[in-house]
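See below for the structure under consideration.
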Amino acid sequence: GDSVTQMEGPVTLSEEAFLTINCTYTATGYPSLFWYVQYPGEGLQLLLKATKADDKGSNKGFEATYRKETTSFHLEKGSVQVSDSAVYFCALSGGFKTIFGAGTRLFVKA
Amino acid sequence: EAGVTQFPSHSVIEKGQTVTLRCDPISGHDNLYWYRRVMGKEIKFLLHFVKESKQDESGMPNNRFLAERTGGTYSTLKVQPAELEDSGVYFCASSQSWGQGRFEAFFGQGTRLTVV
């Protein structure tokens, strides 16, 4: 069945450091890919998405490119801030159901 | 526009008791989903309603879990009797159909359930 694998955390970075959170997927067909974020005490929010190969999703300085050849959707940000501290979930959907990765907790130190 | 709303935000119950979680989807969204995250693991799909009908309940763990969506509006998820392993965060989501499986699900804040 479809699945998502993302790097385990926690990831601890200093402010203004470069962030990469790796995500790979296994799916039949051509799923849409998502990154969701959960800030402390809040619900899941869609951070960005890509619906077809080579699409780049971007939001709030975060980017991820849908790579069909490597079945990857890595999340990147050039300069993280303390306010980016949260849990990040990579996910895919080929229909109505969304398949999530285990989540990666990010801590950003001032 | 109001987002997906879940009640309660936290619930602590004893093993063997019953708990009912509620989800109010975004108005006009026919699709409603329940997910669960247990012990810091991945968020797992439980079931999917289209209006009042269960479209897919393949993720429901066992018959102690009962989901309903009367009238196709809000939904409830009842756990009876609760066990320790039911502890986790229960998320509800809703969406419109965009066709070809390309949709965006809007999630609620989740209900943190602790069974002691």
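Proteins get letters first, then strands, A, B, ... in listed order; numbering begins at 1 in each. Being a predicted model, the structure only gives us computed values, none of them experimental.
Residues I43(B) and L92(A) are members of separate hydrophobic clusters, defined by side-chain heavy-atom contacts under 4.5 angstrom among Ile, Leu, Val, Met, Phe, Trp and Tyr. No continuous path of hydrophobic side-chain contacts links V79(B) to M39(B) [ILVMFWY only; heavy atoms under 4.5 Å].
Here CZ of F96(A) is found 11.0 Å from CG of D56(B). Values are rounded to the nearest 0.5 Å. To the nearest 0.5 Å, the span separating CD on Q109(B) from CD on Q38(A) amounts to 9.5 Å. Atom OH of Y35(B) is separated from atom CG of L44(A) by 10.0 Å, given to the nearest 0.5 angstrom.
Atom NZ of K54(B) sits in a crowded spot, with more than 12 heavy atoms from other residues, nucleotides or ligands closer than 6.0 Å. Residue-environment remark: CD (E8(A)) stays at or below the threshold of 12 foreign heavy atoms within 6.0 Å. Heavy-atom contacts from other residues, nucleotides or ligands closer than 6.0 Å to CD of E16(A) number 12 or fewer. By the 6.0 Å contact criterion, CZ on R112(B) is open, its count of non-hydrogen atoms from other residues, nucleotides or ligands being 12 or less.
For F100(A) and F107(B), the ring centers are positioned less than 6.0 Å apart.
At a 4.5 Å heavy-atom cutoff, the contact between R37(B) and chain A is made by side-chain atoms alone. If you measure heavy-atom distances from S9(B) to chain A, you find no contacts under 4.5 Å at all.
The shortest non-hydrogen separation linking S58(B) to K97(A) is OG-NZ, 3.5 Å.
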